[in-house]
Every structure is written in C-alpha cells, then in structure tokens.
Amino acid sequence: MAESVVKFLLENLSALLKEEASLLKGVRKEVKEIETELNRMRALLRDADRRKDSNEETKTWVGEVRDAAHDVEDIIDEFLHRMYRPRQGGFKGFLVDTLYIPKNISDRHQFARRLQETKVNVQNIFQRRPSQIEEVTRSSDVSDLWRRDVETSVFKADSDIVGMTNEIDLIVGWLVEEEKRRMVISVTGMGGVGKTTLVAKAYNNQQVKKHFDCCACVSVSQSLRIDELLRSIIKQLLEAKKDVVPNDLATKDAGELRRMVRGLLDSKKYLVILDDVWTMNDWNKLNVIFSDCGCGSRLVVTTRDSHVASAAGKGSRVCKLQLLDQEEAWVLFCKEAFQSEPCPLELEPLARSIVEKCEGLPLAIVAMGGLLSLRDKTALEWNQIYKHMSWQLTNNQMLEPVKRILLLSFYDLRYHLKHCFLYCCMFPEDYLIHRKQLIRLWVAEGFVEETGKITMEEVAEEYLKELIHRNILQVVETNEFGRLKTCRMHDIVREVALSISEEEKFCMTYNQLQARQNGKVRRMSIYSGDEINHSGVGITHLRSLMVFDGNMSLSSSLNTIASSCRLLRILSLEGVPIESIPDEVTNMFNLRYLNLRKTKVREIPESLWKLQNLQTLDVRNTELERLPSGIVKLWKLRHLFIYRTTDESQTSFDYFSSIQVPIRICNLTSLQSLDDIDAKEGEIIRKVGNLTQLRNLSISKVRAIDGAELCTSVGKMKHLLKLTVTASTEEETLQLEALSPNPPPLLQKLILSGRLEKVPGWLSSLVNLAQLSLNWSKLREEDPLSSLQALPNLAYLQLWNAYEGQQLCFRNGQFTKLRKLYLEDMKQLNQIVIEKGALPSIRNLTLHTCRELKTLPEGIEYLTVLQELILWDMPTELIDKLKLKDGTEENRRKVGHIPIIKCGQWKEGEGWVSERLN
C-alpha cells in the first residue's frame, strides 16, 4: 500500500513539473530530486508489499517512506496555495499583488528550505532500508505460497456443506449433461463465499468421476505462471493412468508443455478445474490450451471477477454464489461453535449478533465458530469477542485466514482502485453508499486519473464498476434502467479495510483515532454519538473529514476544526445542526468538496470565493435563501446542488424551491451539475446556454414566454443526461416545442412539471431516454400514450396530474421495456385498460390518489412479471376488492400472481403508512 501512496504522489509531482515551470522557480530542483529519490524506493516498496509476512523492521521502514511521501504532498499543497493566491481584481487587487511580490520571494526560500530538509530525510530513509528488501520481484513466489497455504488451511473439500445443496446439484447436473461440445462452467462470488469448497465437492462426486475419462484440478495464482500450471496438470493426468512422469518435465518450455497437455487430452472426455482465475488476460491464456474435441469435456473456472465468469461465451454456464441466508448462517455457526449441539439459551442473543456481523459469509462464519468453540461459554467472554471483532481479525491467529483471503482481492487491485476501495470504509457500517456521491468524493480526493477523452466522473464510474465486478463491493439498489444506484461494503470486508486503513494511516473513525493518537492521519469519519475532544488529537494533516447522522457534538468545535485543518480536501457535514459556517472554512485553500446538505445553515461567508479548488458544493435542504456573489469566481466548480424541499408529503406543485444565484453563475463553464436554478429573471435562461458541459440541469419558475429561449440554450448542451424543467405556476404552460429538431441526444432522464398543450413531438426521438416524468401536464389528448410508446429504452414512466381524460389504454406491443409505472392524481381517470402483450416487462405499478378509479386495471392478469402493486390514498371500493371483501373469486384470480400488494395513507406526523393486502 505504501508503494501506492508513493506512486500516487509521483504522478502528481510529474504533472506539477510539466505544467508549473514558472511557478516552481527556485524550488524546481528540490522537487525533481525528491521525485528521483521516491522513484528509487518504488521497487523496494513493491517488494516489501509482496512480502505479506514482513517483519517489524520492514514495516517500520515502509511507514517512514509513507510518512515522508505525505509530508512532500503537504508541503507542495501549501506552496501552491501561496503562489496561486486568488486575485481580487481592480486597483485594490493590483496594489495587494504588488505588495505581495516580496512575500512570494520569501515563500520560495522558505519552501525551498523545507523541501531540502525533506529530500535529505528521504535520502536517509533510503539508506536505512532493511537488508532483506531487494530491488527485484522474486518475492512473488512468497505471495503465491502464502496464498496456497491460506486456501488449504481453510477449505476442506470433504466437509459437509451448509446452504449449497442446490448449487452442488446444479454444478453436477451441468458436468454430466449430455452436451458433446466442450462446456465452460464458471462459479463466481466474493472471496470466502465458498467457490472452491463447492467445486471441490462436485469434483469429488463419484457420479462425476465416472463420467469423465480423465480429471485434473489446479490452482491459478495471482501472478499466473503457465509453465508451473501445465506441469501440475500433466503430473495429475499421468499419475491417474499410473504412467511415469518424465524426468525432464521440469526443463520443458511452455510450448512443449502445451503440446503434452493437448496430447494427453486428445479425444478424451476431460474435466479440468481452474481454481481462482483472476483476470481476463489469464483466462484468455488458459482457454486456448484446452481444445474442444466434441467428447463432452468440461472446464470449471472459479473466479472473483464476474467479467471472467461471463467471458466463456455461447454455451457456457455461470453460477453466482450468494451469501447464506440467516437460517443457513445460524446452522453453519452452530455446527462449528457447538459441534451441531443446540446453542445455550444465555448465549443465543450474542451468538446471533456475531452471526449477523458475518453477514452470511461462510469463511467468516466458520472461522468465528471455530474461535468461539475454544472459548469459555460465558456471555462476558463472547461479548468481548463481539465488541472487538476488528481487533480480533487483525490480531487473532485463528481469524488470520479470513483476513488473508479477503486481502487477496485488495492486493490484486491497481493502486488507484486500492485508494477508492479503502475510502469506502469511511462510511458507517451498513451505510448505503450512493454512486454519484462516491464518484464525486473520489474525484475530489484526486484518486481518479485524467484521460483527456472522458470526464474524471466517467473514469470514476468505471472504477466503481470494476470493484463491483470483482465482488469487493455489493450492489444494493439499481435504478429503473439497471444502473447502479447504491452499494455497500460487507461488514467483514469493511473490518478488514479498516484494519488496513489504520495500519497505513489512510483513514480512521474518530474512535480509532482516540485509541491511537500518535502519528498523522489523513482522513477521519465521525459517527453519531462520537464526542469530539481535540486535546492530543493531531488533525492538522487531515485531507477528509466526514460526519454522519447529524452529530450534535461537532457543531461546537467546528471553529477549531476549520482553523486547524487547512489542508482539507473533503468536508462533509451533512445533517449536522449548525446554523452558520465560520469564516475560517474559506481559508481551506485545498477544499474540493463541501457538503452542507440538511444542515440549518442560513448564510455562507462572502469569502467563499477564496475556495479556488472547490469542485462540489451541496447545500440542498438548508435554510439558505441565496448564494454569495463570490461563487462566480470558483472556476473549478463542477457540481452545484442548491434546491430545497418544501412539502414533506411530496404532493404539491411547489414541492421544490430554488435558491437565488447570481446570473454570472453561467460563466462557470466547468459545471456538470446545476440543480436547481430560478429562471424568474429571463436573462439566466439565455446565459445558461454557455454551460455546454452540463450533464444535469434543473431549472424552475419557467414562464411560457421563456420557452423558445430555453430551448435554444438546452439545444447547445450535447452532453446533457438529465433535464428538469418546472413552470412558474401550476397553470403556466411549458412551451418547449422549439427544442425540435435538436434535443440533447444523450438524454436519459426528463422531468417536465407544468401544463402542456400536447406531448412535445421531439420527445419520441430520445432513443436513450429511460426515465420520464410528466407532472401537472393536464393533457387533453385523446391518447397521450401513443407518442410515448415509441421510446425504445423507457424503463420508468410517471404521470402526475398529467391527463384529464377518463381512460388510459396500454395497447399490445407498447412500452416493451417499461419496468415501473406511476400514475398519480388523475382526477377524471376511472378506467385503465391493459391489452394482452402490453407492458411485458413491468415490475412495479403504483396508483396514487386517483379518486375515480374504483376498479382494478382491466387486463392486470396479463402482467405476469409484476412484482408489486402499490396503492396510495386510493378509493375504498378498490381497496375492498383487493381485500376480497366483495366475495368474488375473480379479483383473487386477477391479482393472485402478484407477490406484493400494498395500500397506504398519508398521516400527519407519521408520513405514509402502509399495510400489506396479501
């Protein structure tokens, strides 16, 4: 990990040396020499990183290198701040700049001295390197031996398996299936979920053994060595035939070994297990070795990477192993902890809490059960294990295999991804991490590589996809068109990440920092209930400070934090009950991300303009009425979120309100998100067309006379993905026809709130549109759905007071990809007709406050994949039919296939209260 820290710094230094030649006058030499010294250390650090069994001397040396790299980063940031001091303009600015020249010269001398001292320190650290560290990579052998040792010590192929009976039957069925073509069977899932155990059980099945002429099973290392793998296969095949293994096998090259394997497998029905394939490149190298001779052969691959699992192509089979459910996890734990005996009643609450912490991961459950089987069966003893599980994972030898197997996935990551992964453990346990928020945080931290071809946000999204495909992060929720919405870290994975982060001083929770106050920490999270006490806590080097769950104690110490943490890049105070922001916050020259969402802040300091590196400003749902005029000087601002929610029930037209912003906000051409601006001054509608890099635009208070000008501005936004337009009043007409023929070609989400004379003709040309909301449109067209049905990728449709007719008809072949349909406040609607063949993909149907709709949608029985029918504030007659109070069997037949049917009402002080009807 230290090698990643150094490489991350070296990239920044290299960019600095290329771009800031004039700025670095006087200190360029020192920066270049430090870069050279750190480059010398990289190979050593890589070697040390591979030595997973490093001694204390090596660990101490690696820590010194990491601290030195952090010191260089801090010095450079301070220096650039002094040199880049924001100009105020005008005569006053000129006068200040003139007086500041001697200060610049002094700063250069001061920083040159600090860099010289740091360079000497780095050189001394290099000289003190431990003798066992070499500038070579032979130690990769150590890593592979370590890995195999872990596997053999944890997985027992002959042991009983809990919760995998169906998967074993599935794999065995595929293996003995009468398919003559070679079949590739992939088993995928996160580390420790039991892939190897499952495959070993199938491999040793007697029915399987009899089905094949020859079998071999090999473990693929992270650093794939084809020669070694082929020799292992050859030995297994020859020994199974009782043939002699050639004496010169060890000296044969890869080409000869491939020919031997192909000769041994030619015209044979073979079974070969390739356990733990790590990359697509490795799979491609292995796949070509095993030919298809039409005998019904099978290749079985286990992998943590879902890309590898799906790479085999046509005719392949994929089994994705899931975590154990609650009952299966309990059975497995009792088997290990109590040798399948019942759990003592006094221990059951604690035992279940421990099992819950393992979250269905078999490796963790088996290890914890084995550990507790050797401990005293007392609540006091078990409570200590539960409270200090993170410490146990790091320090208890019996749990070491859990940490090591999970660490394999971490060590296989590229260095940028290591930073991104560790950053996720800053969020609280079980926290749902939102994709967009995480991406913006990674970009602000500097973890994301600039490519010049796509935005850093798009690069970061690829990083996130890779972590998901590697089964390191878990998908919790996707949006209507299958894109990741929220993810989370498995509790045990998070504990491992926290232990790495603490050791590497990458990040800590506040409680961790209190426990270890010596040394510098770069990032800190504060959770609800943490009492802040700054005495003895070194926070001056913090780069990220994130606060969760409306921490009350932080508000009193914000001034101290603001004055101490000048190097902060991330400051997230979401939900903290603060009413003002101290001026000291605007002295955080390094700040890139400021989150004040859901605070009680009423005003932001006018000196906000000093935050020249700010990329994201989030002031949603605060008490702010306006933004300071200086915001127009924040040239690096990429994301600005400024709307406020005004109606808790979310049913009124004025559900959102915007904050007043200066018109010159439209000069910030780096903006990608602008959500939401007030258009009551017509000039801003024309100026917003300057923001051609926008991906997300929300604009409200739009008048009918503004329509043509708004269409002209939006037509310039070729990268726009989401557009929200809200009329000035519920009765105001949105005049948007002029957007034809140039609507944003990439648009995925469109929300129009306000009266429409008809559905805009250009809407049907939006081939990428996946989500459409028409609110208060009050359409009077005879068939408003006809112009929407042609949208080929529409997955979500919301019609909110959008139609004033009595009937909606969904015809055969319409809306083939629609997954969610939301109909609300249709005042005249009394009939919904669904023809057979319409809405074939619908999963969720929500009906909300349609007071005249007293019968079930006609044809609802045709919606065979419908999973949820939700009714909010609907007529009693309709609810009674769903409760079967009318005594007919017809209604039971119509809705009997729907797994979830719910109804609900809005109750003041409680919100929406629902009940299940089936």
Side-chain angles (χ1 to χ4, degrees), residues 480-482 740 743 747-752 756-871 874 878 881-882 890-891 893-898 901:
E480 287 72 25
F481 41 103
S740 178
L747 203 65
Q748 296 175 356
K749 296 182 182 180
L750 176 63
I751 302 170
L752 302 178
L756 293 173
E757 294 175 354
K758 61 179 182 178
V759 176
W762 50 262
L763 205 151
S764 60
S765 68
L766 299 176
V767 295
N768 294 300
L769 195 68
Q771 180 174 330
L772 173 63
S773 295
L774 299 179
N775 307 325
W776 287 274
S777 306
K778 300 181 181 180
L779 292 164
R780 295 178 179 176
E781 297 178 69
E782 184 176 340
D783 186 6
L785 299 176
S786 60
S787 55
L788 305 179
Q789 63 162 327
L791 295 169
N793 290 299
L794 192 66
Y796 174 95
L797 175 62
Q798 179 183 39
L799 300 176
W800 187 348
N801 194 4
Y803 177 55
E804 295 191 334
Q806 295 183 336
Q807 184 190 77
L808 279 177
C809 182
F810 295 88
R811 305 190 186 283
N812 179 23
Q814 285 188 345
F815 301 104
T816 57
K817 291 190 177 180
L818 197 70
R819 297 173 61 87
K820 183 177 288 189
L821 176 62
Y822 193 104
L823 304 176
E824 177 170 0
D825 198 18
M826 305 288 200
K827 292 182 173 56
Q828 309 299 323
L829 187 68
N830 58 31
Q831 186 182 23
I832 297 175
V833 177
I834 304 169
E835 294 182 358
K836 190 173 184 178
L839 305 172
S841 304
I842 195 79
R843 297 291 193 277
N844 179 289
L845 173 59
T846 299
L847 304 175
H848 193 321
T849 324
C850 299
R851 299 294 170 76
E852 297 301 316
L853 188 62
K854 300 175 183 179
T855 60
L856 287 169
E858 184 181 327
I860 194 171
E861 64 270 22
Y862 300 138
L863 307 182
T864 56
V865 298
L866 188 64
Q867 299 298 303
E868 281 188 315
L869 175 61
I870 312 295
L871 302 110
M874 292 295 288
L878 177 57
K881 286 182 172 62
L882 290 170
E890 182 182 359
N891 291 314
R893 178 184 59 79
K894 286 183 176 181
V895 300
H897 64 288
I898 306 173
I901 303 176

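Side-chain atoms of N793 come within 3.5 Å of backbone N or O of V767 as a donor-acceptor pair. A donor-acceptor contact shorter than 3.5 Å links the side chain of S841 to the backbone of T816.
Looking at heavy atoms from C-beta onward, Y796 lies in side-chain contact with S773 at the 4.5 angstrom threshold. Put simply, the side chain of V759 reaches to within 4.5 Å of the side chain of L788, judged on heavy atoms. Between L785 and F815, some side-chain heavy-atom pair lies under the 4.5 Å cut-off. Side-chain contact between L772 and L763 is present, with heavy atoms from C-beta onward closer than 4.5 Å. Residues L845 and L866 are in side-chain contact: their nearest non-hydrogen atoms beyond the backbone lie under 4.5 Å apart. Residues Q798 and N775 meet the side-chain proximity criterion, which asks for heavy atoms closer than 4.5 Å. The shortest side-chain heavy-atom distance between L769 and Q748 does not fall under the 4.5 Å cut-off. Between S740 and P760 the shortest side-chain heavy-atom distance does not fall below 4.5 Å.
Taken to the nearest 0.5 Å, the CD1 atom of I834 stands 12.5 Å off from the CG atom of N812. Separation of atoms CD (E868) and CD1 (I898) is listed at 10.5 Å; rounding is to 0.5 Å. Annotation: the span from I751 atom CD1 to Q771 atom CD amounts to 6.0 Å, rounded to 0.5 Å. Here the straight-line distance linking atom CG of D783 with atom CD of Q807 works out to 9.0 Å at 0.5 Å rounding. In this structure, W800 CH2 and M826 CE are separated by 11.5 Å, a value rounded to the nearest 0.5 Å.
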task = Could you walk me through whether I901 and I870 pass the side-chain contact (heavy atoms from CB on, under 4.5 Å) test, one step at a time?
result = CA-CA 6 Å; I901 303 176; I870 312 295; over 6 Å; no
query = Does the pair L750 and L774 meet the rule for a side-chain contact (heavy atoms from CB on, under 4.5 Å), with working shown?
reply = CA-CA 8 Å; L750 176 63; L774 299 179; 5.9 Å; no
message = For a side-chain contact (heavy atoms from CB on, under 4.5 Å) check, start with the C-alpha distance between K817 and L794, then their side-chain angles and the critical distance, and finish with the verdict.
response = CA-CA 6 Å; K817 291 190 177 180; L794 192 66; over 6 Å; no
task = For E804 and R780, run salt bridge (charged side-chain N to carboxylate O under 4.0 Å, His left out): C-alpha distance rounded to whole Å, both residues' side-chain angles, the deciding distance at 0.1 Å, then the answer.
result = CA-CA 6 Å; E804 295 191 334; R780 295 178 179 176; 2.9 Å; yes
key: N844 and T846: CA distance, side-chain angles, deciding distance, side chain to side chain donor-acceptor pair (under 3.5 Å) verdict   = CA-CA 7 Å; N844 179 289; T846 299; 2.9 Å; yes
task = Given side-chain contact (heavy atoms from CB on, under 4.5 Å), test L856 with L878 step by step and report yes or no.
result = CA-CA 7 Å; L856 287 169; L878 177 57; 3.9 Å; yes
key: Full working for side chain to side chain donor-acceptor pair (under 3.5 Å) between E858 and Q831   = CA-CA 8 Å; E858 184 181 327; Q831 186 182 23; 3.3 Å; yes
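Each of L821, V865, L818 was evaluated against R843; a single residue qualifies, V865, per the side chain to side chain contact (heavy atoms under 4.5 Å, CB included) test. Remark: of the listed residues I842, I832, V833, L863, I832 is the sole one forming a side chain to side chain contact (heavy atoms under 4.5 Å, CB included) with F810.
E852 and K827 make their closest contact through CG-O, 3.3 Å (heavy atoms, listed as atom of the first residue, atom of the second, distance). Among all heavy-atom pairs drawn from L756 and L779, the shortest one is O-CD2, 3.6 Å. When all heavy atoms are compared, the tightest approach of E824 to Y822 is OE1-CE2, 3.1 Å. Residues T855 and N830 come closest through the heavy atom pair OG1-O, 4.2 Å. P840 and Q814 make their closest contact through CD-O, 4.1 Å (heavy atoms, listed as atom of the first residue, atom of the second, distance). When all heavy atoms of T849 and M874 are compared, the pair lying nearest together is N-SD, 3.6 Å.
Here E781 does not pair with K758 in a salt bridge; the nearest charged N to carboxylate O distance is not below 4.0 Å. The pair R811-E835 meets the salt-bridge criterion, with a side-chain N (NZ, NE, NH1 or NH2) lying under 4.0 Å from an Asp/Glu carboxylate O.
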